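Model, not experiment: these values are computed from the prediction.
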Amino acid sequence: MLQVPFIREHKADIITRLSKRNIDATEMIETVLKLDEDRRGFQTQLDNILAESNSISKEIGMLFKSGKVAEANDLKEKTGQLKEDSKTLSDQLNETTEALNQLLYKIPNVPNAIVPAGNTDEDNEEVYREGDVPVLPEGALPHWELAKKYDIIDFELGNKITGAGFPVYKGKGARLQRALIAYFLDKNTQAGYTEYQLPHLVNEASGFGTGQLPDKEGQMYHVTEDNLYLIPTAEVPATNIFRDEMLNESDLPIALTGYTPCFRREAGSYGAHVRGLNRLHQFDKVEILRVEHPERSYQALDEMVEHVKGILQELKLPYRILRLCGGDLGFTSALTYDFEVFSTAQDRWLEISSVSNFETFQANRLKLRFKNAEGKKQLCHTLNGSSLALPRVLAGILENYQTEDGINIPEALIPYTGFDKI
RNA sequence: GGAGAAAUGGCAGAGUGGUCGAAUGCGGCAGUCUUGAAAACUGUUGAGGGUCACACCUCCGGGGGUUCGAAUCCCUCUUUCUCCGCCA
């Protein structure tokens, strides 16, 4: 969420930049400022009343001590009205604060100046493209056909055990999954990211900390018995490591990586777009996350983009990088780069990574701060990205590396798979 | 799952109704001493709101209550520890 003082000082600029998301925030911003003013007014009044009753209480204590019981009892009478007033005011204060917060939760992050205007993914700006699209043999198959042909992923079995969107990986398919996870984690730790193993279920406070709650509750599987949620991405447990933390400037930057399965309910879409591995309820992902000094965060974003590029180049997959337009930008992000790998057999691009700078948007909600050189408290910047999401990378490998007599394994992965062909 | 104990500042740990935002120790920071460092000594050191700055308000695991007044009493939730049971 945005910080109120920031809104107060940059009102016009914020409205202009939010318009890139195709929203007119004028009214929301004005209401925020009004509610904040009310809030402070109630707070001041309440403080004054509390100050008065505190001093009366002290006086009563003194009178009792010196044996002046009658005078003390007289004073007690006076507190009745104060109590009533403070009750009324604290109710008003709570209501106003609540209304203010509810509104703040609804305002998305302010896009960075270089975010292109636009409504849909059509308007995203391609900033980079690399890798040759292979010329596939006659009769090249989409990955779900390949999965069946070589018996490495069984979608029907997943249906039987759980339901649609929970594939079962078998034999070399399972091994390839494991190889990819190990390979990604190795690449990340070599680049300085500390490896973490994180919980796959999180509590309400964590869901709230990263913004899945209260609004996007439906995206997560909810274990009602214990009021826990299955994570939709490692971002949730990883970012919540830092909830309510006060770091030292020397702790920054922090870089970590973790592999987790991800669980998404995402109802809605049907057909070719959700076919095979394209969209699942459970999938594997290796995530990278950074906590940065505000002055360094965009440099960090570039480093993360370069890092993901390096992995895709080593896997020799054709990919492109998009700078997301305002309309496609995630709620919490100020600037996002999406990586897409080309699915030759499907003749379409598949998103495999999304790298974002959230600036202080998450940190404000999380209360993630550091003490700067002058000893002042300042919000950190947070960033994260996938490196990488497994199913679509797998789809890309299967489709782009298929030959008439089997699927080749990218050279970089062979030490991890122990075989070079499926 | 059953029985019991506990939750206080960066950490350890006092505090059972008023002058307690909280003793003391450790740690941190600044200074004295020293060629420098260590030791010793002196001072300083929680968070949030509010103010030009003060004042002032809130916070002793979370929530609610009793009282003129709560870290302290009551209810409730959560977490941790010990013992028993179960278990990879």
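Nearest heavy atoms, A205(A) versus R243(A): CB-NH1, 3.6 Å.
Ranked by how close their nearest RNA chain B nucleotide is to the 5' end, M246(A) and K76(A) are led by M246(A). For D36(A) and I60(A), each mapped to the nucleotide of RNA chain B holding its nearest heavy atom, the one lying further toward the 5' end belongs to D36(A).
The residues R392(A) and E340(A) are annotated as not salt-bridged, no charged nitrogen and carboxylate oxygen being separated by less than 4.0 angstrom. The pair D244(A)-K367(A) does not count as a salt bridge, with every side-chain nitrogen at least 4.0 angstrom from each carboxylate oxygen.
Between N48(A) and rA55(B) there is no side-chain N or O to OP1 or OP2 distance below 4.0 Å. Distances shown here put every side-chain N or O of K58(A) at or beyond 4.0 Å from the OP1 or OP2 atom of rC68(B). Between K377(A) and rA47(B), a side-chain N or O to OP1/OP2 separation shorter than 4.0 Å is present.
Rounded to an integer number of Å, the gap from E245(A) CD to rG10(B) C1' is 11 Å. Here rG63(B) presents its P atom at 11 Å from CG of N94(A), a figure rounded to the nearest Å. Computed from coordinates, the Q45(A) CD to rU58(B) P distance equals 16 Å when rounded to whole Å. One interatomic measurement links the two molecules: CG of N101(A) to P of rG49(B), which rounds to 13 Å at whole-angstrom precision. Rounded to a whole Å, the NZ atom of K83(A) is 6 Å from the P atom of rU67(B). The separation between E71(A) atom CD and rC68(B) atom P is 18 Å, rounded to whole Å. With rounding to whole Å, L93(A) atom CG is found 11 Å from rG50(B) atom P. One interatomic measurement links the two molecules: CZ of F64(A) to C1' of rC68(B), which rounds to 8 Å at whole-angstrom precision.
Of the C1' atoms belonging to rG27(B) and rG10(B), the separation is 7 Å, rounded to the nearest Å. Comparing the P positions of rA22(B) and rA30(B) gives an interatomic distance of 25 Å, to the nearest angstrom. Only the C1' atoms considered, rA3(B) is 29 Å distant from rG15(B), to the nearest whole Å. With P as the reference atom, rG46(B) and rC52(B) are 24 Å apart, rounded to whole Å. Annotation: rC26(B) and rA39(B) have their P atoms spaced 12 Å apart (nearest Å). Using P as the reference atom, rG17(B) and rG65(B) are 23 Å apart when rounded to the nearest Å. Here the separation of rG18(B) from rG13(B), taken at their P atoms, is 25 Å to the nearest Å. Spacing between rG85(B) and rG49(B) at atom C1', rounded to whole Å, works out to 50 Å.
rU78(B): Watson-Crick or G-U partner is rA7(B), with both key distances under 3.5 Å. The nucleotide rG1(B) finds its pairing partner in rC84(B), both defining distances of the Watson-Crick or G-U wobble pair being shorter than 3.5 Å. Applying the Watson-Crick and G-U wobble criteria (two distances, each under 3.5 Å), rC29(B) pairs with rG43(B). If you check rU66(B) for Watson-Crick or wobble pairing at under 3.5 angstrom, you find it has no partner at all.
T44(A) comes within 4.0 angstrom of no nucleic acid atom, judged by non-hydrogen atoms across all strands. Among the heavy atoms of the strands, none lies under 4.0 Å from I56(A).
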Can you give the donor-acceptor pairs under 3.5 Å from side chains of residues 325-333 of chain A to other protein atoms, not counting sequence neighbours?
unit_1: D328(A); atom_1: OD2; unit_2: N124(A); atom_2: ND2; d: 3.0
unit_1: S333(A); atom_1: OG; unit_2: L335(A); atom_2: N; d: 3.2
unit_1: S333(A); atom_1: OG; unit_2: L335(A); atom_2: O; d: 3.2
unit_1: S333(A); atom_1: OG; unit_2: T336(A); atom_2: OG1; d: 2.6

For residues 49-60 of chain A, please give each side-chain donor-acceptor pair under 3.5 Å, one per line with the distance, not counting sequence neighbours.
unit_1: S53(A); atom_1: OG; unit_2: I49(A); atom_2: O; d: 3.2
unit_1: S53(A); atom_1: OG; unit_2: L50(A); atom_2: O; d: 3.4
unit_1: N54(A); atom_1: ND2; unit_2: L50(A); atom_2: O; d: 3.4
unit_1: S55(A); atom_1: OG; unit_2: E52(A); atom_2: O; d: 3.2
unit_1: S57(A); atom_1: OG; unit_2: S53(A); atom_2: O; d: 3.1

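In this structure, of rU58(B), rU51(B), rG69(B), it is rG69(B) that holds the atom nearest to the side chain of S57(A). Set against rC57(B), rC68(B), rG50(B), the side chain of R39(A) has rG50(B) as its closest nucleotide. For R369(A), counting side-chain heavy atoms from C-beta on, the closest listed nucleotide (rG69(B), rU51(B), rG48(B)) is rG48(B).
Within 3.5 Å, no donor on the side chain of N54(A) pairs with an acceptor on the base of rG69(B), nor the reverse.
Inter-residue side-chain proximity for Y221(A) and R264(A) is flagged as unmet; no heavy-atom pair is nearer than 4.5 Å.
Ring-plane geometry between F208(A) and Y105(A) is classed as perpendicular, the angle between the planes exceeding 60 degrees on a 0 to 90 degree scale with a lower cut at 30.
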